[in-house]
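The chains referred to below are lettered A, B, ... by the order of the sequence lines, with proteins before strands, and numbering in each begins at 1. Note that the structure is predicted; figures quoted are calculated from it, not measured.
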Number of protein chains: 2
Amino acid sequence: METLSAAELLAALGHESRLSIFRLLVETGEEGINASAIGEKLGLAPATLSFHLAHLSRVGLIKGRQESRFIYYSADYAVMDDLLAFLTNNCCQGSHACLPKTNLLKGKP
Amino acid sequence: METLSAAELLAALGHESRLSIFRLLVETGEEGINASAIGEKLGLAPATLSFHLAHLSRVGLIKGRQESRFIYYSADYAVMDDLLAFLTNNCCQGSHACLPKTNLLKGKP
DNA sequence: CTCATATTTCCATAATACTTGAATCATGGA
DNA sequence: TCCATGATTCAAGTATTATGGAAATATGAG
């Protein structure tokens, strides 16, 4: 991932509502959750919600699956993978431990 | 770290110039690099640079150390630690592997 | 002290992002 | 078909953020 899109991803998650949306989708899992349900849970007006969902979709962090009249949104982890890899590889200095405590194991098992 | 400040951190890094500044400081290491040198490397006007340095300082991602007439800025990894931990713990679903490929080792060695 | 340099602050402007009511589109049920 | 519902788009207002010239502050050199 190049720096350019990394900043875009970070900006996409750098908003209270969008971060909440993404976390909710992560909690919800594969099946997803439809737009108005998200709006109810997070207290967002339909138009506002659509705006943020479009933003998150545009950068690839979430995806929507239409089913009947509903659109079920779910998190797309591939992009988050890339973002975490980018942050780990480019925003931490060599030996410095920027990794979460539960994943500090190094060396061959 | 609570969600609120996580969004603030992500927003702080979610700008091309600030992300470039932070990466430069990570590359530079402990000794740091003074403001005007950053400005030269990244092509930022003094006032603009100060604006972004203040933003990054405010959220705790960088710190400045005055020495003579210069202020040497360096990355403060503690906050990035927290951010990565937050993203790993809250923005990835249970068993799903959102962790960078080089740190997937699990279980006792 | 005076000057030069490093950095920030002030200020005005420009640009971008956010919000939301109303209108529109889409889908399925009666 | 007609209607109700889910969701998006449009348009317009508000708010926030970004930019950079000019002035101010700070520090050290001569």
Comparing B:Ala54 and A:Ala47 on DNA chain C - which has the more 5′ nearest nucleotide: B:Ala54
5' priority, DNA chain C, between A:Glu67 and A:His15 [closest heavy atom]: A:His15
Tell me: [atom1] of [X] to [atom2] of [N], nearest whole Å?
| X | N | atom1 | atom2 | result |
| --- | --- | --- | --- | --- |
| B:Ile71 | D:dT27 | CD1 | P | 9 Å |
| A:Arg65 | C:dT27 | CZ | P | 15 Å |
| B:Leu42 | D:dG20 | CG | C1' | 16 Å |
| B:Glu16 | D:dT17 | CD | P | 18 Å |
| A:Leu49 | D:dT9 | CG | P | 12 Å |
| A:Phe51 | D:dA12 | CZ | C1' | 14 Å |
| B:Leu44 | D:dT17 | CG | C1' | 15 Å |
| A:Arg18 | C:dA17 | CZ | C1' | 8 Å |

Any [X] side-chain N or O less than 4.0 Å from OP1/OP2 of [N]:
| X | N | value |
| --- | --- | --- |
| A:Thr48 | C:dT20 | yes |
| A:Arg69 | C:dC25 | no |
| A:His52 | C:dA17 | no |
| B:Asn34 | C:dA6 | no |

How is [X] classified with respect to the nucleic acid when contacts are heavy atoms under 4.0 Å: base, sugar-phosphate, or nothing?
| X | answer |
| --- | --- |
| B:Phe70 | sugar-phosphate |
| A:Ser36 | sugar-phosphate |
| A:Ser68 | sugar-phosphate |
| B:Ala35 | sugar-phosphate |
| B:Tyr73 | sugar-phosphate |

So do [Y] and [X] actually touch side chain to side chain, heavy atoms under 4.5 Å?
| X | Y | result |
| --- | --- | --- |
| B:Ile21 | B:Leu42 | yes |
| B:Leu25 | B:Leu61 | no |
| B:Arg23 | B:Val26 | no |

Please tabulate, one pair per line, all N/O donor-acceptor pairs under 3.5 Å involving side-chain atoms of residues 64-74 of chain B, not counting sequence neighbours.
| from | atom 1 | to | atom 2 | distance (Å) |
| --- | --- | --- | --- | --- |
| B:Arg65 | NH1 | B:Glu67 | OE1 | 2.3 |
| B:Arg65 | NH2 | B:Glu31 | O | 2.3 |
| B:Gln66 | NE2 | B:Ser68 | O | 3.4 |

Gap separating the CG atom of A:Leu83 from the CG atom of B:Leu10, nearest 0.5 angstrom: 8.0 Å
